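See below for the structure under consideration.
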Amino acid sequence: MKSAQHHWWPEGVSQFWADSDGMTTQLRPDGSALRNSPNKFGSIGNAHHIKLGEPWDHSIEPIFDAADSQFPHLIKRLLAFESKVTLANTQIHDRFLLLDPFSKEETHNLAMCLSSLIVRAPRFRTEIGRTVEELGPIRYENGLPARHYLIPLNIGPSHLGVTKSMEGHGIFIIMYSDEQEFIYGDGFLHNFCAFGDSSYAFGRCIVPITPTMSVVYFTANGSYRSGVRTVRLSRDEVDFFNGVVQIYSKDYIFYRSIKPRVIKSFTDQKFYVYHYHQHEWLEYFLAGAVEARFSRIKPKA
């Protein structure tokens, strides 16, 4: 196999982060910034190659082809959905719209695309690497450590497991912003484990998709209507979700036009987490989506 750069921030997504000059800005924990074309960011050399020697050499890159080809269409589709205008005195459960119906195929595509971003991200790779390192200093004949192969070997099944979990049940929230921009990072809030049960009964994640749209997926206790909700966020709420991205990122955050307020969790250059991936305001927000008194709306054609 020839050497290649494999994108954990696929070009079908990063293209939406280009400013009026066609550039995206990358911020590092030390405060340094780099502007470049978005397709120049978010890749790792040979990240998906598994070179064990002929005839066992192979790559997991093709398993992401379906998601990568679907991203541009899916993003444009999601950006066309309607949502309520945020009012300061509106109760949280009155702010959501239910998309009805949202087809099984659309649910699969959304789950597949979110999963592909989660399992390719450097954070997920690091989590696999930490577990692999507990096996000891195992090395192959070519001298490369076992983690070099075991990371991509676990990413593939994880992608299938996370996709299956999210398309089976749970709630998706498509969040929009008018005043503030979302940011992207090398990690996201999620509780999916590469070595866990593929059912992920109580999975959750928050994944920014474009500067004006981010997606939440979660499951909850009790009975509730699964499916897709939309909601429009205030500036302060977008700032909260941008803070979550910084907490769960380590080396990189990206923005389009509006530079985010950098917080200490990111400048520490560590992959942090919320305890049990929960936060008081986030739980309030998610409960609102569960308890919402819906105004139903059909997705635009």
Side-chain angles (χ1 to χ4, degrees), residues 74 77-78 80-87 89-119 158-177 188-209 213-234 237-238 240-241 244 248 273-300:
L74 176 68
R77 176 100 168 107
L78 296 180
F81 291 162
E82 296 185 16
S83 63
K84 291 183 177 180
V85 176
T86 300
L87 300 176
N89 60 349
T90 303
Q91 294 293 322
I92 187 68
H93 54 257
D94 288 327
R95 293 172 50 188
F96 295 90
L97 287 178
L98 171 65
L99 293 180
D100 187 19
F102 197 73
S103 72
K104 184 176 182 180
E105 179 183 5
E106 288 177 311
T107 302
H108 168 76
N109 289 338
L110 179 54
M112 174 182 64
C113 287
L114 292 179
S115 171
S116 76
L117 294 179
I118 292 169
V119 304
S158 297
H159 178 42
L160 298 177
V162 174
T163 300
K164 181 179 179 181
S165 174
M166 288 196 288
E167 69 179 345
H169 64 294
I171 295 173
F172 295 93
I173 305 174
I174 315 301
M175 306 186 300
Y176 303 103
S177 172
F188 318 113
L189 184 153
H190 73 83
N191 63 350
F192 300 116
C193 175
F195 304 95
D197 185 343
S198 63
S199 65
Y200 299 115
F202 296 100
R204 63 170 49 189
C205 64
I206 303 171
V207 183
I209 305 295
M213 180 181 67
S214 188
V215 178
V216 172
Y217 166 82
F218 73 104
T219 57
N221 289 316
S223 61
Y224 58 89
R225 179 163 183 168
S226 61
V228 179
R229 285 81 158 141
T230 66
V231 67
R232 196 158 296 275
L233 303 183
S234 68
E237 290 167 343
V238 175
F240 168 80
F241 284 107
V244 174
Y248 280 77
V273 299
Y274 284 135
H275 189 51
Y276 296 122
H277 307 286
Q278 296 179 350
H279 179 278
E280 183 178 4
W281 185 85
L282 178 60
E283 304 315 304
Y284 162 76
F285 179 79
L286 300 182
V290 173
E291 300 167 4
R293 296 188 288 272
F294 296 115
S295 298
R296 292 187 179 86
I297 186 168
K298 292 185 180 298
K300 295 180 180 178

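The analysis underlying the following values was restricted to heavy atoms, covering all of them including side chains, and did not include hydrogens, waters or symmetry mates. Note that the structure is predicted; figures quoted are calculated from it, not measured. Start at 1 with the first residue, then count along the sequence.
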Report task. With sequence neighbours excluded, tell me which residues meet side-chain hydrogen bond (donor to acceptor under 3.5 Å, both in side chains) with Thr163. Result -> Ser115
Query raised in the report: With sequence neighbours left out, what residues match His108 under ring pair (Phe, Tyr, Trp, His ring centres under 6.0 Å)?
Result: none
Report task. Compare all side-chain heavy atoms of Val162 with those of Glu167 and state whether any distance is below 4.5 angstrom. Result -> no
Report summary line: Residue set satisfying side-chain contact (heavy atoms from CB on, under 4.5 Å) with Ser103, at least two apart, ordered chain then number -> Glu105, Glu106
Would you mind writing out the side-chain donor-acceptor pairs for residues 281-289 within the sub-3.5 Å range, not counting sequence neighbours?
| residue | atom | partner | partner atom | Å |
| --- | --- | --- | --- | --- |
| Glu283 | OE1 | Arg204 | NH2 | 3.1 |
| Glu283 | OE2 | Arg204 | NH1 | 2.9 |
| Glu283 | OE2 | His279 | N | 3.4 |

Report summary line: Heavy-atom closest pair (Leu98 atom, Val228 atom, distance to 0.1 Å) is CD1-O, 3.4 Å
Query raised in the report: Does the side chain of Ser83 come under 3.5 Å of the side chain of Arg232 through a donor N or O and an acceptor N or O?
Result: yes
Requested in this report: Under the ring-ring contact (aromatic ring centres under 6.0 Å, His included) rule, what do Tyr217 and Phe172 come out as? Steps first, then yes or no, please.
Outcome: CA-CA 4 Å; Tyr217 166 82; Phe172 295 93; 5.1 Å; yes
Requested in this report: Report the distance from atom CG of Leu78 to atom OG of Ser214, rounding to the nearest 0.5 Å.
Outcome: 11.5 Å
Query - Asn191 (side chain) donor-acceptor with Cys205 (main chain) under 3.5 angstrom - result: no
Query raised in the report: Does a donor on one side chain sit under 3.5 Å from an acceptor on the other, for His169 and Tyr224?
Result: no
**Report entry** Check: Phe188 and Leu117 side chains under 4.5 Å, non-hydrogen atoms
**Finding:** yes
Query raised in the report: What pair of heavy atoms forms the shortest contact from Thr230 to Glu82, and how long is it?
Result: OG1-O, 2.8 Å
Report task. Could you pull out the closest heavy-atom pair between Tyr248 and His190, with the gap in Å? Result -> CE2-N, 4.3 Å
